[in-house]
Structure formats: structure tokens, C-alpha cells
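Indexing begins at 1, ligand by ligand and atom by atom, following the structure's order. Everything numeric here is computed off the predicted structure, so don't read it as measured data.
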Amino acid sequence: MKKGETYKKIFVLIVSLGIVLTIFLILSHNAINLEHTSIWSRQQAQGFKFTKENTAPNINPNFKLVVPNLWVWDTWTLLKRNGSLAVVDGYKVIFALTAPRNVDWNKRHDVAVISYFCSKNGKDWMYKGPAYNIEDALGSRQWAGSAMLDENGRVQFFYTATGRKGEAVRTFEQRLVKTTFSINGDKNGVHISNWSKHQVILEPDGVYYQTMQQAKGPIIYSFRDPYFFEDPKTGKDYLLFEGNKGGKNVKIKPENIGDKLFLKNHTVPQGAENFNGNIGIAVAENKDLTKFKLLPPLLEAVGVNQQLERPEVVVKENKYYLFIISHRFTYAPGLNGPDGLYGFLGNSLRSNYKPLNKNGLVITNPANDPYQTYSWYLVSGHDVISFINEYHVNGQLRYGGTFAPTLQISLNGDKSKIMEEFGEGVINYSY
Ligand code: FRU
């Protein structure tokens with residue numbers, strides 16, 4: 001063989017190897033991305049300030065109760081598959097957790113059911129009763145979820161079954177459950193009928209997501225608040241939910257704390273590892289949405305916060321905004337954040353999410369009444385509904401248990417701002 005030809009062969013071989021290696025690197029890089037869990041670190045979850053942009057006005061104590069004999073709290077809208085607001089025979093439809101008002105305020109979680117409401121104008125909500133036959137529902141009580149009106153006009157209804165039916169003592173076991181039902185409107189409002197059997201669709205695996213047996217620390221674990229989301233980029237269907245990190249002994253990694261410089265001067269108090277909330281995700285394996293597979297969390301707050309509640313996604317101008325709600329008392333020792341709506345910005349559903357406004361805080365209560373509202377839920381990417389929680393009149397503590405005034409926010413890149421306040425429970429359907 002001539003020398004020239006040998007060199008040529010070697011050259012071709014090297015180029016081919018290079019191509020194979022590049023393809024391998026690209027594939028393996030993507031594989032890592034598919035597993036990537038973003039981190040909300042102790043370093044990021046600092047420096048919370050009350051500003052015009054993030055602080056709700058004090059509520060006017062002369063509000064009306066939406067249902068006089070019920071506590072009403074976590075609320076969500078009936079959505080279409082693409083996340084836009086659904087209207088059924090001229091009616092807007094929402095769901096909310098409810099409990100009799102004669103039950104102690106703090107005991108309402110023990111007897112919660114999901115009720116539905118309808119409205120022609122998105123302002124005056126008519127209470128229609130529980131969204132299912134209570135005997136058919138799983139759990140000793142039902143906690144938050146989501147509702148999607150599918151192409152056949154059936155509602156795909158996801159909720160949290162907490163505890164077990166008939167249990168003598170309330171346990172905190174949480175499972176994600178699904179039923180479907182028909183919904184129709186007439187002159188008396190909308191009616192729900194023809195339910196499918198309620199079925200457990202997801203339970204924690206103990207690896208990505210903590211089980212009740214693995215839970216430690218002072219605050220209950222979570223595996224709740226399923227939120228349906230179809231990714232417009234891929235057409236895949238998902239459930240997001242509130243979880244905690246799985247495993248017997250959760251460890252705080254350096255990345256959960258912060259960068260090298262921060263690590264040098266920051267001591268993590270003992271017990272912080274028992275505050276390990278995450279935003280869980282499962283992918284649908286069939287179009288009927290009855291089979292889901294757990295995936296690694298989208299974001300974790302290990303050593304930061306125990307509860308990243310009621311996760312939601314908003315896609316705006318090709319950007320993905322993740323939102324959760326959280327409490328002051330669920331922050332890990334050594335951190336000090338307020339009750340609030342928190343947001344994170346990424347380039348795709350699974351990406352490297354960065355907290356909005358540096359630390360994540362989007363909406364909080366005024367400093368003189370830090371618990372006045374809670375359970376903020378974004379509608380159409382800018383109207384934020386919530387409920388009136390614990391507030392004060394002349395220094396006296398009162399409980400709300402009804403819709404709070406709606407706040408409109410603007411999202412501009414990684415910045416957010418409260419723009420306007422509307423009436424209690426107002427949902428703008430004109431977007
Ligand atoms: C948020 C929340 C949800 C749960 C419900 C129980 O307010 O803690 O995570 O589903 O309340 O009442």
C-alpha cells in the first residue's frame with residue numbers, strides 16, 4: 001500500500017471516530033438532561049423583601065362569603081387540554097376544597113371534599129355541591145387536584161386521596177387518584193354525572209419520592225396536588241405534583257446549599273435535611289391518562305423547604321414558568337421566607353430552572369398580616385386567585401375561608417410584578 005493511501009485511511013478513521021464520539025456525547029448529554037433536577041438552593045432562598053411588586057394590599061374585611069356555611073380554600077379552574085380556560089354550555093367552572101364551617105378552622109383539612117361552582121360572568125360563583133359521590137371517592141378526605149375537559153366533553157379529574165376510607169384515626173398517606181365524569185349546563189347551572197370508578201394512578205416509589213414510612217421531621221410528607229399539563233413542545237401529557245425527596249436518609253448536597261464562596265460561610269443547622277420538598281412529575285403512558293410513570297423531580301428544595309405545594313406550569317413566549325406556593329413554617333432551619341407564591345423560569349419543561357426575582361418570591365401578604373391569604377393559583381398566566389386565610393381586624397384574629405381578591409401579575413423574563421387587584425374570586429375569561 002502506498003504511503004498516501006495509508007494516511008488517507010487513517011484520516012478517514014479518525015474523522016469517523018470523531019463523528020461517532022460526537023454523536024455519543026450529544027446523546028449522553030441529552031440523556032443527562034432528561035434526568036436533570038433543578039435546585040432551589042439555600043443561597044437562592046434568601047433576601048426576601050416586601051416590595052410594591054410582590055406585596056398584596058391588605059384585604060377589606062367586609063368581604064362576602066361565597067358559601068355562608070362552608071369553609072372554602074384551595075381553588076382551581078376547569079381547563080382544556082392545552083391549558084386554556086374551558087366553558088361548558090356558557091358556564092365557567094371551578095373546583096375548591098370545602099368543609100362545614102362548624103368544623104374547627106384548623107380541622108378542615110381532616111374532612112375536606114372537593115366541590116364545584118359555576119358562573120356566567122366569572123365573578124358570581126354558584127355553589128353546586130361536591131364534585132362526586134363522597135362514598136365513591138378514595139381516601140378519608142380529598143385534597144387539591146386539577147380538572148381537564150377533554151375532546152369528548154368528559155372531565156379528566158385528578159385529586160389527592162389522603163388517608164384511607166373508614167380509618168379510625170386520620171393518617172396522612174397521600175395517593176394520586178383519578179375519575180372522569182360528564183358535565184352539562186342548563187338554566188340552573190352545570191351538573192356533573194356519570195362518574196367512572198375512582199382509581200389510584202400514582203403512589204410514591206421511595207426513590208425519587210418519599211413514602212409515608214420514610215417521612216421524618218416535624219412537618220407531614222407530601223405526595224399530592226396533581227396538576228395536568230400537556231407540553232406544547234412535545235405533545236406529551238404529564239402530571240406535576242408536590243413531593244419530597246425519597247430515600248431513608250436524605251442528604252443535603254453542596255449544590256443544595258450554594259456556590260463555593262457561600263459554602264465557606266454558611267452553616268446548615270441540624271435537621272435541615274428533613275425539609276426536602278420537590279416538584280414531582282410523571283409522564284402519561286396512554287392517551288386515556290390512566291397509566292403514568294414517575295420521573296425524577298423537575299426541581300428540588302432539599303435543605304430549603306418541606307412543601308412546594310400545588311405546582312403549575314405556564315408557557316409564555318417559549319419560556320416555561322413553574323409556580324408553587326409555600327409557607328413560612330415549612331422553610332428549613334436557618335432560612336426565613338414568607339408565605340407566598342414562588343416562581344422559577346426555564347427554557348423547557350425539564351431544564352435548569354432559575355428563581356424569578358432572584359429568590360423566587362412572586363406574591364406575598366402585607367407585613368402587618370402575613371397570613372391573610374394563601375394558595376395562590378395562576379389562571380391564564382396572569383390572574384392569580386387565592387383564598388382568605390387568617391387575618392386581623394383591630395388586632396383580633398379572624399378566619400376567612402372564602403375567595404380572596406384576584407391579583408393580576410405581569411411576567412417579564414425572570415421578573416414579576418403585581419399590576420392590579422380585582423374583586424373576590426374574579427376570573428377574567430376574555431384572554
Ligand atoms: C395547600 C394544601 C394542599 C393540600 C390542601 C389540603 O393549601 O396544603 O397542598 O392539597 O392544602 O387542605
Side-chain angles (χ1 to χ4, degrees), residues 70-77 94-101 103-115 130-132 137-147 157-163 170-178 202 204 209-210 212 215 218-228 239-244 275-280 297 301 305-312 322-331 337-342 363-365 370-378 384-391 399-404:
L70 292 179
W71 299 120
V72 177
W73 66 109
D74 296 11
T75 304
W76 58 98
T77 44
I94 58 176
F95 299 89
L97 299 187
T98 60
R101 250 184 129 83
V103 170
D104 204 61
W105 168 247
N106 289 312
K107 292 265 178 247
R108 72 191 193 282
H109 308 282
D110 294 352
V111 294
V113 302
I114 304 169
S115 294
Y132 42 81
L138 302 185
S140 54
R141 66 275 197 204
Q142 292 77 44
W143 287 358
S146 58
F157 196 70
F158 302 95
Y159 68 87
T160 314
T162 305
R170 291 286 192 248
T171 68
F172 288 95
E173 186 193 24
Q174 295 151 58
R175 298 172 296 160
L176 306 189
V177 172
K178 184 192 162 175
L202 282 170
Y209 302 104
Q210 195 169 87
M212 183 168 63
I219 303 173
I220 66 161
Y221 86 116
S222 33
F223 191 76
R224 61 178 182 264
D225 304 349
Y227 175 83
F228 175 82
L239 280 181
L240 268 63
F241 54 87
E242 173 191 356
N244 287 98
F275 294 72
N276 47 43
N278 62 28
I279 301 181
N305 199 312
Q306 171 72 352
Q307 293 188 342
L308 310 187
E309 307 199 276
R310 302 194 66 201
E312 277 183 87
L322 269 184
F323 291 95
I324 53 109
I325 51 167
S326 199
H327 288 291
R328 172 176 293 279
F329 81 95
T330 59
Y331 271 95
D339 275 31
L341 173 74
Y342 292 83
I363 294 182
T364 189
N365 289 313
Y371 307 107
Q372 72 164 20
T373 56
Y374 190 62
S375 215
W376 297 271
Y377 174 87
L378 243 95
V384 185
I385 58 172
S386 65
F387 75 91
I388 302 178
N389 187 31
E390 301 173 8
Y391 65 103
Y399 304 116
T402 189
F403 301 145

Inset, instruction - Using a 4.0 Å heavy-atom threshold (strictly under), name the region of E242 that reaches ligand 1: side chain, backbone, both or neither. - result: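 Looking at E242 and ligand 1, just side chain atoms fall under 4.0 Å.
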
Legend entry - For atom 8 (O) of ligand 1, closest protein heavy-atom neighbour: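 Looking only at protein heavy atoms, the one closest to atom 8 (O) of ligand 1 is E309 OE2, 2.6 Å.
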
Inset, instruction - For atom 9 (O) of ligand 1, find the nearest protein heavy atom and state the residue, atom name and distance (0.1 Å precision). - result: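 Heavy-atom neighbour on the protein nearest atom 9 (O) of ligand 1: D225 OD2, 2.6 Å.
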
Legend entry - From W71, W73, F403, Y377, residue fulfilling side chain to side chain contact (heavy atoms under 4.5 Å, CB included) relative to F387: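 Going through the options one by one, the only one that passes is W73.
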
Inset, instruction - Give the residue, atom name and distance (to 0.1 Å) of the protein heavy atom nearest atom 12 (O) of ligand 1. - result: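 Going atom by atom, the protein heavy atom closest to atom 12 (O) of ligand 1 ends up being H109 ND1, 2.7 Å.
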
Legend entry - Inter-residue atom distance R170.CZ - H109.NE2, 0.5 Å rounding: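 Answer for the CZ-NE2 pair, R170 versus H109, is 13.0 Å.
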
Inset, instruction - Please confirm whether Y374 comes within less than 3.5 Å of ligand 1 when only nitrogen or oxygen atoms on both sides are compared. - result: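 Y374 vs ligand 1: no N/O contact under 3.5 Å.
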
Legend entry - Contact check, T160 vs ligand 1, heavy-atom distance below 4.0 Å: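 No, T160 has no heavy atom closer than 4.0 Å to ligand 1.
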
Legend entry - Numbered atoms of ligand 1 (with element) below 4.0 Å of A144, judged on heavy atoms: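 Those of ligand 1 that fall under 4.0 Å from A144 are 10 (O).
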
Legend entry - Close approach of S375 to ligand 1, heavy atoms, under 4.0 angstrom: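 In this structure, S375 qualifies as a contact of ligand 1 - some heavy atom is under 4.0 Å.
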
Legend entry - Protein heavy-atom partner closest to atom 1 (C) of ligand 1 - residue, atom, separation in Å: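 Checking every protein heavy atom, the shortest distance to atom 1 (C) of ligand 1 gives D74 OD2, 3.1 Å.
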
Legend entry - Donor-acceptor contact present, side-chain T160 to main-chain A144, <3.5 Å: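 Pair found, side chain donor or acceptor close to backbone of A144.
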
Legend entry - Per-atom contacts of ligand 1 with L97, taking only distances under 4.0 Å to non-hydrogen atoms: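 Numbered from 1, ligand 1 contributes 5 (C), 6 (C), 12 (O).
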
Inset, instruction - Compute whether any side-chain donor of one residue and acceptor of the other, for E312 and W76, lie under 3.5 angstrom apart. - result: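 Result is no, nothing qualifies.
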
Legend entry - Among T75, D74, T77, I114, the one residue meeting side chain to side chain contact (heavy atoms under 4.5 Å, CB included) with F95: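 It is I114; the other options fail the test.
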
Legend entry - Gap separating the CD atom of Q174 from the CD1 atom of I220, nearest 0.5 angstrom: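 Rounded to the nearest 0.5 Å, the CD-CD1 separation comes out at 5.0 Å.
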
Inset, instruction - Would you check, one step at a time, whether the test ring pair (Phe, Tyr, Trp, His ring centres under 6.0 Å) holds for Y221 with F172? - result: CA-CA 8 Å; Y221 86 116; F172 288 95; 8.7 Å; no

Legend entry - Between S375 and R310: side-chain donor-acceptor atoms closer than 3.5 Å: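 Yes, R310 and S375 have a side-chain donor paired with an acceptor closer than 3.5 Å.
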
Legend entry - Atoms in ligand 1 with a heavy atom of R224 nearer than 4.0 Å: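 What qualifies from ligand 1 is 3 (C), 4 (C), 8 (O), 9 (O), 10 (O).
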
